[in-house]
Every structure is written in structure tokens, then in C-alpha cells.
Amino acid sequence: MSREFPIGLTPPDWLVRNLQPQQAPLNRPAIARAAVAMALPLAIGLATGHTAYGALASMGALSGVIGDTADAYRMRILNIAIPQFFGAVGVTLGAAVYGHGWYAVATLTGIALVSGMISTIGAVASVSGLLLLLNSVIGAGLPLPGEWWLAPVLMAGGGLLVLLLALLAWPLRSGVPERSAVANTYRTVADLLATCGDDPTAAYDAARQAVTQSLNQSYDLVLARRARHHGRSPELTRLLAQLNAITPVVEAAPAVHQSGQPLPPQIRETVRHLAQAVETGYTGPIGLDLPAPTGETTRAIDHALRHAAEVVTAPDVDPRGIDDRLGRPAALRIRTARAARNVLLSSGSWRYGLRLAVCIGLAQILVSTVPVARSYWVALTITFVLKPDFGSVFSRALLRALGTVAGLVIAAAVLSAVPRWGSPHAVSGYGGWWDVLVLLLLAPLIPALTPRGYGYQTMAITPVILLLSDVLNHQGTALLLPRLVDSLIGCGIALVAGYLLWPESWHTRVGDRLAEAVADTATYVESAFGKSNGSEGLVVGAEVDPAARARMRRRLYRDLSVIRTEFQRALTEPPPTGRLAAGWLPLVVAVERIVDATTAARVRVKHGAPMPSPAEVSQVALQLRELSKGVRESEVLVEVRTDLTGPAESVLEPLRQEVAAARAIASPH
């Protein structure tokens, strides 16, 4: 029987959200790669009598395991190989100032500034910045064996071993991850159609969010490779055409949901059948068992599904007729120059770089003036906690402390139970081979627990790092207490110098972006029913490029998905930040429903409903821009007026209701 906490002992909501594990499937291939890639270098080092070299290569493999998150093979190269280069540079610079006191402080502070700035570019740059700083801290804090070039080579080699294992199946499975991603998008659309017209609306909202995430992932995978092939790959062209073909089905779903009439089960089964064809590459005939359409919405679904079936089963696709919808990424040279310019001119990148530099500088000054055993762990803790794309600094500091304690418990059990170097049982390297066995068992926990949350990842990484550190310095359980103290010091510096002294509320990080999304939604409403014609104003019924409108809608959903994630991260912070985020989060959902209602109205017009008047469209757009202005100018809920009127039979009536609901959310209760 469950028991409730006494009122005084009930944990706060933000703490419960922090500790709650996230749901994620096990990536069994990544688990196997982690075990082999981290245990093999240490085993080779033991067998050849160079144990320290093997431990360094295993440390490098750890960074490769952390970056081994991509599905597509080409993306694995980017996610693992590029960060290894930055890691090699970092350990070289760090080792050059090892034992040089204030030179080490200045060098690591400068590296932290650069690391923080490049981390704001994107996912690959973030991991690269992490390894640049991480390895420079290790190089400056540990006496590394061999010549100056040996440690960078060994650590990069360990990371590249992970990449080699990840690419072994490429010749046999080239293109499979992309096909699987597109097929999964079709399946999420089938799940969305299954919720259309049913109550509660929350089920539909959750399904729509899953479709958005799946579309984002699929477009990212396909377009990332398409940028390199420039349309020359028939397989990628076909996958892109299949993604575009499912878009009209997604657009018709809101109209079906508004109708309140569930779809016949044959429709969602047809979508699942198409998903299977996408995954297997089937191009034969497909017998469609679709019921006869009875209205505007079912006619839209019927047309969209028949078009999707034609595209999925087409043996050849003309690349000249395929629009990328989100826009093909620019060439790598252009994207690199653009990213460099943005980093240098962005106040956000400088602000984050300075935050990280201040914290690392304080940590290095502290350990240079106060005797701290193995002091590099303080800076390592700050490096992991202060990541801009990893969530709330407060939450990560809390989870880092808790995860370290749990990891130290595991490490204590390992270091106490396993025969160590110098013990009576460690004759002829006996203890070392036990280390290989333990590493073979502990390493798989990293990819298994990382998706569950940062605290769980820390719990898995801590005993592995301590085991490898013990191989290098043979301190055994004497490592445990200093590691705990160092971690707590690092968390304290990150909280004070990286969080409390930088009063960037969730509103400044997210509120402006939400306001921009609301303004973009107003533009989308106008583009859905007409276009601006200079002094004549909005011309309803004027043709707007369908591809441009589709790109606008997709970017809106993508932006709102990112904003939702940021708000959910803010929920894990204590009051007042978490409480404010909880008050504003429903507005994100309301804006998503406004985009849905706009798309539904457009679909109905396309399939026979009367076009709304210019006054109706302008009124909705005006109300949205007023809402955007209110969100941008206020950090708390403010009173707003709601005076939307119009014909009850208009296709815009559901949209007006959603806009009124959004403006009501922005008012205090």
C-alpha cells in the first residue's frame, strides 16, 4: 500500500522533476560498443606492459562513448571524430602548462572562454567545446606519461576506436537509419490520426508533439546528408519526397480533430502500411482500402493519403521536382563562416563564454592557493555542469552532486572488493586484469543510463573515471573522499559564479523567443489566406507559395518544440523561476493549437469551404501581435482584452476561439 509523505516532508515539485528518470529505449549496439571500446585499450596496455597508456586510451574512449548518440552513420563521424580533434588540442595545451601555476590558470581560463563560445553553435560544436576544456583540465591536472604528443594520440585513438566500432556495419546498413527515421515518422502520424476527434485533447496534443519531434529528426538526418550529395543520391531524394508526401496528412489532422469525428481505422492502418513500405523500400502496388470521403476534412485526408501512396511506391523520383520544405542546408564552408560570425557577434555566446571562464578561473585560483588533492576534479565538475544545451545550471549542479555520491558508492564497492595494485593478490598484474573485467561491466552503464537523466549519467561515469584514475596513480579507496569534496566545491562554484551572479531569468532566455513565435504565428495566419500587397494591405485569396508556407509552418512547430523544452527545463528550478515557468507553459500549448487551427482552416478552404474575409484575417493577426508584445514586455501574467468577433459559420471561428483562449491564459487568474 502506498503511503503519502507527511505535509512537512513532501518533496517540492521541482525536486521531484529533477529526480524522475526519463523514459528512453535501450540502445543495445551503443552499450556493446562502450564495453568493447573502453575495456580493449586497457587490456592491450596490460598485455604489452604499458598500463598507463591503455588507461589514457580508455579515457579517450569515454569521450567517444558520450558522443555516440547519432543514428545516421555520417552523423556518427561528425559527432565523434570532430570532437576528438578538439580534445587532442585541449590535452596538448593543458599538458604544456602542467605544474606552471598562474600560467595554467590563465591558459585554462582562456580555453574556457573559447570552449563556452563555440559550444553555443550546435550539438557537434557543443561536444567539441566540452572535450576541448575537459581534456585541457586533465592535461593541466595530471602528470601524463610519455612524450608530449603521446597522450593526445592515445586519447584521440580511444575515441576513434568507438567510431570504428560504430561504422563496422555501414557497408551493410547504409541508409537504414534514414529509412527507419522516415518510417517512424509515418507511424507517429498514424498514432496522431488515431487520436483525432477523440477526447481528451491532451492525447492529441501529445501525439502532435511526437510527430513534430519525429519530423525534425527525419528532416535533420536526410537533409544533413543531402547537403553533401546535392540531390545526386536517388535514395535520399526518394526519402525526402516521402517526408514531403506525409506533410499534407499532418496538415489535415487538425481539421479532422476539430470536426470531432474519429477517423475509420482503415485510414491509420493505411499509414502504417505505408510506413512498412518506406522501411523496406517496397515499390510495388499497394491496394488502398480507404472509405469514401464524406466532407471537407475526410476529402483532405483521402487526397493526402493517395498522394503519399503514389510517392512511397514510385520507383524513381525526379530530384528537380523535390522541394526541401525546410530548405537545403548551405555548403559546409558557408555554414562554418556563418557560425564563426555568429559566435563572434552574439552577446549570448560571449555571455556564456565569460560565465564558464569566470568559474574555471576561480576554480584554478582556488586550487592553486589552497592545497586540494587531485584538484583537476573541481574544474571537471564545472565543465560538465555549465553546459548551455544540457539544461538548468541549478538542476545540473544538484544532480551532479547526487550522482557523484551514488557513483562513489559504486566505486567504493569496486575499489574495496577488487584486488588492487600492490595488494597480495595483484601479483603479475592480477589486479589489472580484474580492472579490465570491471570496466567491461561498468562501461555499458554509461549509454544505458545517460538517456535517463544527467544524474544517472554522472552516477555511471564517476566509477569509470575513478577506476581509470586509480590505474594511473594506484591510490585505491583514498580517491573517494577527495573526489566527493572536489565535486561539491565545483558544484558550489558553478551555482554561485555561474548561476546566482548571472540574473538571467527564464523569461529573458525563453520569453523573448516565445514572443517571436507568437509574432511569426500572426504572419503564418496571414500567409495561409492571402498575402500583403503593399498599400492595398492583405489580399485574401491571393496565392502564396505553398512551399514557403510549409516551411513557415514547420519552422513554427520546431521553434515551439524548442521553447517547450526550455520551459520544461525551467520547471526543474526552485521558485520563483519554476513557478513562473509553470504559469507560462500553457501558453506554449495554446500557440501550438493556434498553428493547428490555422492549418485546419487552410485545409478546409482548399477543399471547398468559403474563404474568410480580409477583416477576419487581419483581426486575428492583430490580436496575435498584441499578445506577442505583451509576452515580450512582461515577466508575469498581465491582463489582456479579448474582443474577437466574426461569423460563427466562418472557417476562422475555431481559430478565433484558440486565440481567445491564448489571450485568456496570459491574463492573471
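Small disclaimer: the values here were computed from a predicted structure and weren't measured.
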Problem - Intermediate values then yes/no, side chain to side chain contact (heavy atoms under 4.5 Å, CB included), Q364 and I360 - result: CA-CA 6 Å; Q364 290 302 118; I360 292 294; 4.3 Å; yes
Rounded distance [0.5 Å steps], [atom1] in [X] versus [atom2] in [Y]:
X    : Y    : atom1 : atom2 : answer
L93  : L132 : CG    : CG    : 7.5 Å
I489 : I382 : CD1   : CD1   : 9.5 Å
T458 : I446 : OG1   : CD1   : 10.5 Å
L40  : L440 : CG    : CG    : 10.0 Å
L62  : I465 : CG    : CD1   : 5.5 Å
L449 : I31  : CG    : CD1   : 8.5 Å

Handout entry: Short side-chain donor-acceptor distance under 3.5 Å, Q84 and S63
Key = yes
Exercise for the section: May I ask you to check whether S487 and W377 show a side-chain donor-acceptor distance below 3.5 Å? Expected result: yes
Handout entry: Listed once per pair and sorted, the side-chain hydrogen bond (donor to acceptor under 3.5 Å, both in side chains) pairs that draw on residues 437-448, sequence neighbours left out
Key = none
Which heavy atom of [X] sits nearest to which heavy atom of [Y], and what is that distance?
X    : Y    : result
A61  : M38  : CB-CG, 4.0 Å
S561 : Q213 : OG-CG, 4.3 Å
A140 : V97  : CB-CG2, 4.3 Å
A443 : A34  : CB-O, 3.6 Å
I563 : R513 : CD1-O, 3.5 Å
I77  : L163 : CA-CD1, 3.8 Å

Exercise for the section: Report the residue from V414, V65, L445, L442 that forms a side-chain contact (heavy atoms from CB on, under 4.5 Å) with V464. Expected result: L442
Quick one, [X] and [Y] - any side-chain contact, counting heavy atoms below 4.5 Å?
X    : Y    : result
V367 : D486 : no
L144 : L56  : yes
L164 : L160 : no
F567 : L514 : yes
T92  : P152 : yes
V436 : L439 : no
L142 : Y98  : no
L161 : P41  : yes

Practice task
Evaluate the criterion side chain to side chain contact (heavy atoms under 4.5 Å, CB included) for residue pair T383 and L130; output intermediate values, then yes/no.
Solution key: CA-CA 7 Å; T383 302; L130 172 68; 3.5 Å; yes
Taking only distance into account, with no hydrogens and no angle test, what donor-acceptor pairs under 3.5 Å do side-chain atoms of residues 490-498 form with protein atoms, sequence neighbours excluded?
none

[X] side chain to [Y] backbone, donor-acceptor under 3.5 Å:
X    : Y    : answer
S136 : L133 : yes
T51  : L46  : no
T107 : Y103 : yes

Fill in the blank from the handout: For residues 36-60, the ring pair (Phe, Tyr, Trp, His ring centres under 6.0 Å) pairs (sequence neighbours left out) are H50-Y53
Handout entry: Test side chain to side chain contact (heavy atoms under 4.5 Å, CB included) applied to M117 and L113, step by step
Key = CA-CA 6 Å; M117 293 181 69; L113 176 63; 4.1 Å; yes
Practice task
Apply the test side chain to side chain contact (heavy atoms under 4.5 Å, CB included) to residues L362 and L366: give CA-CA distance (whole Å), side-chain angles for both, the deciding distance (0.1 Å), then the verdict.
Solution key: CA-CA 6 Å; L362 288 175; L366 174 67; over 6 Å; no
